[in-house]
Amino acid sequence: MIKKSLVSLGALLVLFPTMAFAEDPSAAQLNMGLNALWVMIAAVLVILMQGGFILLEAGSTRMKNAGHVAGKTIFTLGLASIVYWAVGYGISFGSEASEGLNKFMGLGSFFFSADVASVDNALPSSVFFIFQLAFAAVSLSIAWGGFAERAKLSAYLIFTLFFVSVIYPVIAHWIWGGGWLAKDGAQDFAGSTVVHLTGAIGALAATILLKPRIGKFNKDGSANEILGHNQVFTALAVLILWVGWFGFNAGSTVAIGDGFFGYVAFNTQLGAAAGAVAALLISWLVNGKADITTMLNGALAGLVAITASCAFVDPWAAVVIGLVAGVLVFFSVKFFEKIKVDDPIYALSVHGAAGVWGTLANGLFATEVLSKKVGIGGAGLFEGGGWNQLWVQFESVVVAGAFAFVASFIILWVVKQVIGFRVTEEQEIIGLDLSEHGNYGYPEQMKKAGTSV
Amino acid sequence: MHNPTWEKRLLDIANAEDLEQLRSIREREQTRMATELSTSPAYEVVESLNALHDALITQVLKLAEYDLARLGHGAPPVPYTYMLYGSGGRYEQTMYSDQDSGLVYANAPNEVEEERYRNYFLQFSQVIVQHLIKLGYPPCEGNVIASNPEWCLPLEGWEKKIDAWFAEPSWENVRYLLIVADGRPVYGDRELAGKLQNRFFNDLLSHPVIARRMMENTIRHKVLVGVFGQLLTERYGEDAGSLDIKYGAYIPMVNAFRLLAVQAGIRETSSMGRIKALQQSEVLTEKEAEDASEAFELFLKMRMKATGSDENGQMVGTGKIPSKQITKEMRAPLKKALKAGKRIQLRVQRELQRRFGGR
């Protein structure tokens, strides 16, 4: 049946070729098509960053948790997609809220029904949705850094529900959805604050409530090094994230336009490179050994920091921002260890400290020309813009950080009181692969002589 | 050193008839020396501590000779020398040092006798090592110990061994040569030890390149001072914040001076003695020698203070100074000494690189 109709359709096409190409596309349509294609590619790159998080988190933790760590990323990506579709997207970008409420959150577009095709040659809403969803999912995966190796699977489920429906969308609305910080001119091009700081603050709330992993700190307060089980995974993760970041930053132009996305990608590369170099050198100078983990963190910190500023600064400033981020992440890791906060994946330093720095860096380095081009805010302190932009950046970091912390803390505190947040000591020791899922991620290695590592 | 109380203590040791007495003397004397460390110069304490260890080991050897005679093996069939290696060889043992030892005995006239000597001395060494364990000296983890048949040989055997190590300077063999370079007799026929040293230095003349291999073998222990002059302390674990004085200061210095001394044909085995001799033979300037001995003296002192503990009756040291003990006043001289150590390490490296080229 299908075969027959295909054959007849083919014959008709040969006879009446104009039926296939009804009409030449207009310039606007072509423009839309290019934009849509670019944003879709960017969205795919950002979703692929989840592969980076799987390897990063699994590589930085122990073998006994590897299956859990890797698998839960896919599960929560699935759950987050449905929650974002049902609620989160509407909170960020819904247009039905009253003017007063809209400063704080959007309403409408719940259970989002995407248009089948582009309307008036604007970016198809389906593509925009997938792109935004990918960002929400990245922010969520960053928060998991604070849960690693000791949170219950049920806590992951509940936190996903609230984080993706309310916490992340509200902050995204403030800065990107026409909320009050957007009106103030807060510059956060691709989300140093919205995505990275929000995720890191979720991780901070979690790690404070969960307390350090068994064996991380000694009675006298000194820290032990709990090495990840596969540094090659961690390095590969950084490469995947780095490449994915071109979708993240350059894709945030949401248009091909005049080719500005290329400039954004260019700054992104410089920031990441500087972060990696600075972090390796600083660890070498201070500790006497060039530390690989620090260098990998430095590359990510450079990426996180340049995320806010990639569209607003000159290339030299991108290098400076990356260099500072690389040094900052090294000292930040030391700091968190000193105050006895256990941060297994270094999410607080890489996404938190560097996220804050990247956002503030706009207030220092943003140029007048580029701010005008993007159409948000003005020049930074070193570019003759005075203190104004720096103050706005500072405000957005503090307010977004405080909101994310309070909201995450309340949710996780309730989880802790009602169902419990952390697995039992015994479960933590045998590993979450076995306790939460019933099977090891590495069965051959783990079943050997009941090893406890 | 020639004070009457010390003479009496040595006499106590020489009169001790069993291991319990020796152990209690060791414990008593070490407790006394630990308190002396805060009042006397470190090298004096190290000197008397090493004299104590030597006296104890000598007495153990004598007791072991009696034990073998009592068991019907008779007296030692030929002259022998009990050798100390490692820190013992350098007169730098701490309160927690382990046993690094070897035994060399005179050549036998024929195979039958050789077999007899070997049986006697192996059994003898085993008794000695066991006795020393009872005194709280843990056996060497690397098995550099007289009870190991490889380290209990007639003079001929030793000479062949040293020749073979020089001929085939693999990583392992160079490590043995470094150990042998610090060897000295503690008891027995000193002539045998002298012959071994002759062989070592003669072989060295015909294999000058061994010096570079020795450097490569020891260079991984870096002086723990950073580019900004900061102390590079332990970052993680129970010892976090502590400074590994043994491997991060003392051992790199020992390695550097051993290398310079061996190259200059100096037969001293103690690091301080090597520094003095190096100055006399004008390898080190007066200033360099002064800085070096000041730094080394400080490391010796800190090493003596490094934490140690009694593990199942064995006195075991960590070689690390806890962060609490690194006081503000200590930091400046410690950093100065570490920088001097780093300079000398770099100097040795550069010199050898110039002579033999890089890898």
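Note on naming: letters A, B, ... go to the chains in the order of the sequence lines (proteins, then strands), and numbering restarts at 1 for each one.
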Whether over 12 other heavy atoms sit under 6.0 Å from B:Tyr43 OH: no
More than 12 heavy atoms from other groups under 6.0 Å of CD on B:Glu286: no
Chain B contact residues among residues 286-302 of chain A, heavy-atom distance under 4.5 Å: A:Val286, A:Asn287, A:Gly288
B:Lys336 NZ: over 12 foreign heavy atoms closer than 6.0 Å: no
Main-chain N/O of B:Gly237 paired to A:Ser222 side chain as donor or acceptor, under 3.5 Å: yes
Over 12 foreign heavy atoms within 6.0 Å of NZ, A:Lys334: yes
Chain A contact via B:Glu238 - side chain, backbone, both or neither, heavy atoms under 4.5 Å: both
Distance, nearest 0.5 Å, that separates OH of B:Tyr236 from CD1 of A:Ile226: 10.5 Å
